[in-house]
Amino acid sequence: MLKIIHHPSPNFDDRPLRTLIDTVVLHYTDMPSTATSLERLSDPLYKVSSHYLIDEDGTIYQLVAEEKRAWHAGESSWQGRSKVNDFSIGIELQNPGHVHFLENNAWHLYPTTQSQALLSLLTDIASRYPFIRHNTVGHCDISPNRKIDPGPHFNWELLTAKGFKKF
């Protein structure tokens, strides 16, 4: 059983009736720390959230219940459907991206502990929503002209080897 810390965000609403949740969208926070990320994802002024946030040490936070619509995808589409927030679960990975506190504008790597926690969480989510195994995508896939996360150092091969694919 996964250990999940509940850190409720007010930034969510109801999904459309009879919505099939069949997609997971992976993001990086692009923020310097988990505390900063949790604060931003829970601040009603910013109107942004995700269902989960995974710290670099593998700690998993749940901010929005899966049956609710978190506000993580923004303007987006996947496989001909727009409004990806309606049918997806958003997972933020704590990662400063390539700008915050890094020398030479280098990309920050994803620690093994974080990747293992992600796999455990994805497996748990797939037990409730099996279609996500064929729709585990990055923010870059659903908003290619706006977003680049989870970035070039994200290990897509690891997810594919465990049965989580983009399509």
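This is a predicted model, so every value here is computed, not measured.
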Do Q94 and S37 meet the criterion of a side-chain donor-acceptor pair at a distance under 3.5 Å? yes
Please check if the side chain of N11 supplies one atom and the backbone of V48 the other of a donor-acceptor pair under 3.5 Å. yes
Test of understanding: with side-chain hydrogen bond (donor to acceptor under 3.5 Å, both in side chains), list the residues that count as partners of D43, not counting sequence neighbours. none
Closest heavy-atom pair and its distance - L41, S50: CD1-OG, 4.0 Å
Are I5 and I125 connected, step by step, through hydrophobic side chains (Ile, Leu, Val, Met, Phe, Trp, Tyr) whose heavy atoms are closer than 4.5 Å? no
Return the minimal non-hydrogen interatomic distance between G58 and A117, and the atom names on each side. O-CB, 3.3 Å
Strictly distance-based, threshold 3.5 Å: is any side-chain N or O of T113 a donor or acceptor partner for the main-chain N or O of E56? yes
Hey, quick one: are Y129 and L119 part of the same hydrophobic cluster, counting side-chain heavy atoms closer than 4.5 Å, chains of contacts allowed? yes
Closest non-hydrogen atoms of Y46 and R40, given as atom of the first, atom of the second and distance, are CG-CD, 3.2 Å
Applying side-chain hydrogen bond (donor to acceptor under 3.5 Å, both in side chains), can you list everything that pairs with E66, at least two apart in sequence or on another chain? Y52, R128
If only side-chain N and O atoms count, and only distance matters, is there a donor-acceptor pair under 3.5 Å linking T34 with D55? yes
Is it true that S33 and T36 share a donor-acceptor pair across their side chains at a distance under 3.5 Å? yes
What verdict does the side chain to side chain contact (heavy atoms under 4.5 Å, CB included) test give for T29 and L93, after you've listed the backbone C-alpha separation in whole Å, the side-chain angles of each residue and the deciding distance to 0.1 Å? CA-CA 6 Å; T29 60; L93 300 168; over 6 Å; no
Partners passing side-chain hydrogen bond (donor to acceptor under 3.5 Å, both in side chains) against R15 (at least two apart in sequence or in another chain): H51
Closest approach of S120 and L2, non-hydrogen atoms and distance? CB-CD2, 3.5 Å
Which residues pass the side chain to side chain contact (heavy atoms under 4.5 Å, CB included) test with H153, sequence neighbours left out? W107, L109
Show your working on side chain to side chain contact (heavy atoms under 4.5 Å, CB included) between V24 and S88 and close with a plain yes or no. CA-CA 5 Å; V24 165; S88 68; over 6 Å; no
Are I132 and L118 grouped together when hydrophobic residues (ILVMFWY) are joined by side-chain heavy atoms under 4.5 angstrom apart? yes
Here the side chain to side chain donor-acceptor pair (under 3.5 Å) pairs for residues 154-167, sequence neighbours left out, are D141-K166
Say whether S42 and H7, considering side chains only, have a donor N or O and an acceptor N or O under 3.5 Å apart. yes
Would you confirm whether S9, through its side chain, and V64, through its main-chain N or O, come within 3.5 Å as a donor-acceptor pair? no
Joint cluster assignment, V84 & F12, ILVMFWY side-chain distance < 4.5 Å: no
Are any non-hydrogen side-chain atoms of V25 and H72 less than 4.5 angstrom apart? yes
Show me the side-chain donor-acceptor pairs of residues 144-152 shorter than 3.5 Å, one per line, residues at least two apart or across chains.
residue: R146; atom: NE; partner: E75; partner atom: O; Å: 3.4
residue: R146; atom: NH2; partner: A73; partner atom: O; Å: 3.0
residue: R146; atom: NH2; partner: E75; partner atom: O; Å: 3.1
residue: R146; atom: NH2; partner: S143; partner atom: OG; Å: 3.3
residue: D149; atom: OD1; partner: H139; partner atom: ND1; Å: 3.3
residue: D149; atom: OD2; partner: Y28; partner atom: N; Å: 3.2
residue: D149; atom: OD2; partner: H139; partner atom: ND1; Å: 3.4

Does R133 count as lying over the ring of F164, i.e. NZ or CZ under 6.0 Å from the six-ring centre, within 45 degrees of the axis? yes
Just by distance, no angles: are the side chains of N135 and W78 close enough, under 3.5 Å, to form a donor-acceptor pair? yes
May I ask whether L159 and Y110 are part of the same hydrophobic cluster, defined by side-chain heavy atoms of I, L, V, M, F, W, Y residues being less than 4.5 angstrom apart, directly or through others? yes
Test item: R69 side-chain N/O and D14 main-chain N/O as donor-acceptor pair under 3.5 Å: yes
Check against side chain to side chain contact (heavy atoms under 4.5 Å, CB included), L121 and I54: CA-CA 9 Å; L121 179 59; I54 304 176; 3.9 Å; yes
